[in-house]
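Okay, so here's the structure we're looking at.
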Amino acid sequence: MSDKKTCNCKFSVKYCVLLPIVLLVTIFLLAVPTTFFGIEGLTVLQQRTIALFVFAALMWIFEIIPSWTTSVLIIVISLLILSNKGLGFLMHDASGALLPGTMNYTKLMSAFADPVVMLFLGGFALAIMAQKYGLDVTLARFLLRPFGTNPRMVLLGFLSVIAIFSMFMSNTATAAMMLAFLAPVLATFPDGDKGKIALALSIPIAANIGGIGTTIGTPPNGTAVSNLETYFGISISFGEWAIHMVPFVVIMILVAWLVLMWMFPFSSKKLEINIPKNTKPTTWRTYLVWATFAITIILWATESLTKISSNIVALIPLGVFVATGTFDKEDIKQIDWSVLWLVAGGFALGYAMLDVSKGGTGLGAALVNAIPFGSMSIILVFAVAGLVCYALSNFISNSATAALLIPILCAVSSGLLSNPAFEQWGGTKAMVCFVATCASLAMLMPISTPPNAIAYSTGLIKTKDMLKVGAVVGVFGLIFGFFWLTKIFPFA
């Protein structure tokens, strides 16, 4: 009964208090004169875009409705108040002409089919087939075998395997699968052995860090790649991202391993992980999945040679699986459409920031002209952007955080191009990719990411344990990630 009362209370606060506040703030920003914002030359459509950003931020932060539904709302509202096929009385001036900066409605609707959305769609198809035909279990058995029975090495094995899986699969699915393998072992640990806490924490830490390694590993990476392409015409291939970020993941996994062993040392001298053999029947479709998985990764890694975009490559396995009946209508239901629609809303916000010549409202240029970014300290801009992203991502979806901040950051980056020091610190690529990385390093609390919640559900982890490890690994990752992307191994 108490749980029901708590649920009803939260429901009432969200819909009776928070939602009216969000709507009133949004309506206020829409209704005030453009001069209220203090941005010279601000147009009506740019004002509406600002209001839309604030609406998205508040809805994502308070989670009044699911994050993905907010994204869909963003696109629908954009179509109504920013596009040439929107509400006629809002889109025309007194003479009947379209307002300056009016967006083509097809530009906004294309957010649902952005190339990066297709990249994730193909990645989801690969992950679903890997689970359906036992590829994930077979790989887990194979990859964990070399780490033996030494508890410290088993911990390193779990961190490594989870990180690898999270580069290609949903980190939530990876965490759930590995917890199923680990749960029977955790139950046998002596009460005083802190090592079981280290093993339980290895699941969310490795899942969150591992996703940084590839463009399909986590939505913030895709958001960064898409906005760089849309805003600046900068293309980062799957292989280029992996070459730069997989070594970063390796170093971070080793750091996490050392931190976990230091904070939660093992008392047990031997630890055996018995992953059951794949019991699913081996058919020609099993071999097809293996071959398609391998060929797709090879094509992603050799984009510079084949000249096939990684976004197109992602659709090849989907085409193969559908044509052969390997991927059926039941498998379609397993695609995480909420993630795809969530990032699509972020892309729509990014499109609205573009210059008028590129089909946007020109808000990005207006902000750049209003704020002297070019004279600001580059390190300070990096630090503020990274910390804001990190702080927000600990409380709301990292996908939503990236979708909100990266379009704004692209506008900031264009204002920094006049500062010679900006290129010395890696330039636009470094800044945008750094913020995407910060989103994935947020893992302080059980609510920060789904893998954190999954690990917390074991009952072996206290919030303070997660907070300590998450803070040490996260802060180290922020500082190391900054230098990695700006000085050690910046994108060319």
Side-chain angles (χ1 to χ4, degrees), residues 14-109 111 341-342 344-356 358-371 392 396 400-401 403-412:
K14 282 186 176 183
Y15 286 93
C16 298
V17 179
L18 296 178
L19 182 58
I21 290 174
V22 172
L23 294 178
L24 285 172
V25 170
T26 305
I27 292 169
F28 172 79
L29 293 175
L30 288 169
V32 295
T34 54
T35 53
F36 170 83
F37 297 91
I39 301 175
E40 186 177 352
L42 189 75
T43 68
V44 172
L45 290 181
Q46 290 166 1
Q47 176 185 2
R48 292 175 190 173
T49 305
I50 292 174
L52 195 61
F53 261 92
V54 173
F55 171 77
L58 294 176
M59 292 295 282
W60 277 331
I61 289 171
F62 294 138
E63 288 190 315
I64 297 169
I65 57 178
S67 297
W68 65 269
T69 56
T70 297
S71 283
V72 175
L73 268 181
I74 289 167
I75 296 177
V76 173
I77 295 171
S78 298
L79 288 166
L80 292 173
I81 68 173
L82 298 178
S83 81
N84 59 341
K85 297 296 182 181
L87 294 168
F89 67 94
L90 291 177
M91 304 313 303
H92 296 81
D93 58 22
S95 66
L98 283 171
L99 295 172
T102 298
M103 300 180 67
N104 191 308
Y105 80 103
T106 59
K107 178 75 172 178
L108 288 166
M109 294 189 80
W341 286 2
L342 173 58
F347 294 157
L349 287 176
Y351 296 165
M353 293 283 289
L354 292 173
D355 292 342
V356 174
K358 294 182 179 179
T361 65
L363 177 60
L367 291 175
V368 168
N369 293 331
I371 305 172
L392 271 179
I396 67 173
T401 302
L404 182 69
L405 294 182
I406 287 178
I408 298 174
L409 196 63
C410 286
V412 172

**OP:** Look at the side chain of Thr26 and the backbone N and O of Val22, then say whether any donor-acceptor pair between them is shorter than 3.5 Å.
**Re:** yes
**OP:** Determine, stepwise, if the pair Lys107 / Leu354 fulfils side-chain contact (heavy atoms from CB on, under 4.5 Å).
**Re:** CA-CA 11 Å; Lys107 178 75 172 178; Leu354 292 173; 4.0 Å; yes
**OP:** Determine, stepwise, if the pair Ile396 / Ser67 fulfils side-chain contact (heavy atoms from CB on, under 4.5 Å).
**Re:** CA-CA 9 Å; Ile396 67 173; Ser67 297; over 6 Å; no
**OP:** Could you tell me the separation between the CD1 atom of Ile21 and the CD1 atom of Ile64, rounded to the nearest 0.5 Å?
**Re:** 8.5 Å
**OP:** Starting from the C-alpha separation in whole Å, work towards a yes-or-no answer on side-chain contact (heavy atoms from CB on, under 4.5 Å) for Thr43 and Thr34.
**Re:** CA-CA 7 Å; Thr43 68; Thr34 54; over 6 Å; no
Original post:
Given side chains that start at C-beta, do those of Met109 and Leu79 come closer than 4.5 Å, heavy atoms only?
Top reply: yes
**OP:** Kindly give the heavy-atom pair with the smallest separation between Gly346 and Ala403, and that separation in Å.
**Re:** CA-CB, 3.4 Å
Subject >> Note, Thr35 side chain near Glu40 side chain (heavy atom, < 4.5 Å) >> reply: no
**OP:** Decide yes or no for Pro407 and Phe53: does some side-chain heavy atom of the first lie under 4.5 Å from some side-chain heavy atom of the second?
**Re:** yes
**OP:** Evaluate the side-chain contact (heavy atoms from CB on, under 4.5 Å) criterion for residues Leu99 and His92: first the C-alpha distance (whole Å), next the side-chain angles of each, then the deciding distance (0.1 Å), finally the verdict.
**Re:** CA-CA 5 Å; Leu99 295 172; His92 296 81; 6.0 Å; no
**OP:** Find out whether Thr69 and Ile65 are in side-chain contact, i.e. whether some heavy atom of one side chain is under 4.5 Å from a heavy atom of the other.
**Re:** yes
**OP:** Starting at NZ of Lys85, measure out to OG1 of Thr102 and round the result to the nearest 0.5 Å.
**Re:** 12.0 Å
Original post:
Quick one: does Leu342's side chain get under 4.5 Å of Trp60's, heavy atoms only?
Top reply: yes
Original post:
Would you call the rings of Trp341 and Trp68 parallel, tilted or perpendicular, where under 30° means parallel and over 60° means perpendicular?
Top reply: tilted
**OP:** Any chance you could measure Met59, atom CE, to Thr70, atom OG1, to the nearest 0.5 Å?
**Re:** 4.5 Å
Original post:
Does Asp355 reach the main-chain N or O of Gly364 with its side chain, forming a donor-acceptor pair under 3.5 Å?
Top reply: no
Original post:
Are the side chain of Thr361 and the backbone of Ala352 linked by a donor-acceptor contact shorter than 3.5 Å?
Top reply: yes
Original post:
Looking at OH of Tyr351 and OG of Ser83, how far apart are the two atoms once the value is rounded to the nearest 0.5 Å?
Top reply: 14.5 Å
Original post:
Hey, does Phe37 have a side-chain heavy atom less than 4.5 Å from the side chain of Gln47?
Top reply: yes
Original post:
Do Leu45 and Met91 have side chains that get closer than 4.5 Å, going by heavy atoms?
Top reply: yes
Original post:
What is the minimum heavy-atom distance between Gly345 and Ile74, and which atoms define it?
Top reply: O-CG2, 4.1 Å
Original post:
Any idea which heavy atoms bring Ser78 and Leu52 closest together, and the distance?
Top reply: OG-CD2, 2.9 Å
Original post:
Does any non-hydrogen side-chain atom of Leu73 lie less than 4.5 Å from one of Phe55?
Top reply: yes
Subject >> Pairing residues for Asn104 by the side-chain hydrogen bond (donor to acceptor under 3.5 Å, both in side chains) criterion, not counting sequence neighbours >> reply: Thr106
Original post:
Where do Ala348 and Ile75 come nearest, in terms of heavy atoms and distance?
Top reply: CB-CG1, 3.7 Å
Original post:
Measuring from Met353:CE to Leu367:CG, what's the distance to the nearest 0.5 Å?
Top reply: 5.0 Å
Original post:
Counting N and O atoms only, with roles assigned by atom type, does the side chain of Arg48 sit under 3.5 Å from a partner on the main chain of Ile81, one being a donor and the other an acceptor?
Top reply: yes
Original post:
If you take all heavy atoms of Lys14 and Phe62, which pair is closest and at what distance?
Top reply: CE-O, 3.9 Å
Subject >> Straight-line distance of Leu42 CG to Ile50 CD1, nearest 0.5 Å >> reply: 5.0 Å
Original post:
Is atom NZ of Lys358 surrounded by more than 12 heavy atoms (other residues, nucleotides or ligands) closer than 6.0 Å?
Top reply: yes
Subject >> Minimal non-hydrogen separation, Leu29 against Ala51, with atom names >> reply: CB-CB, 3.9 Å
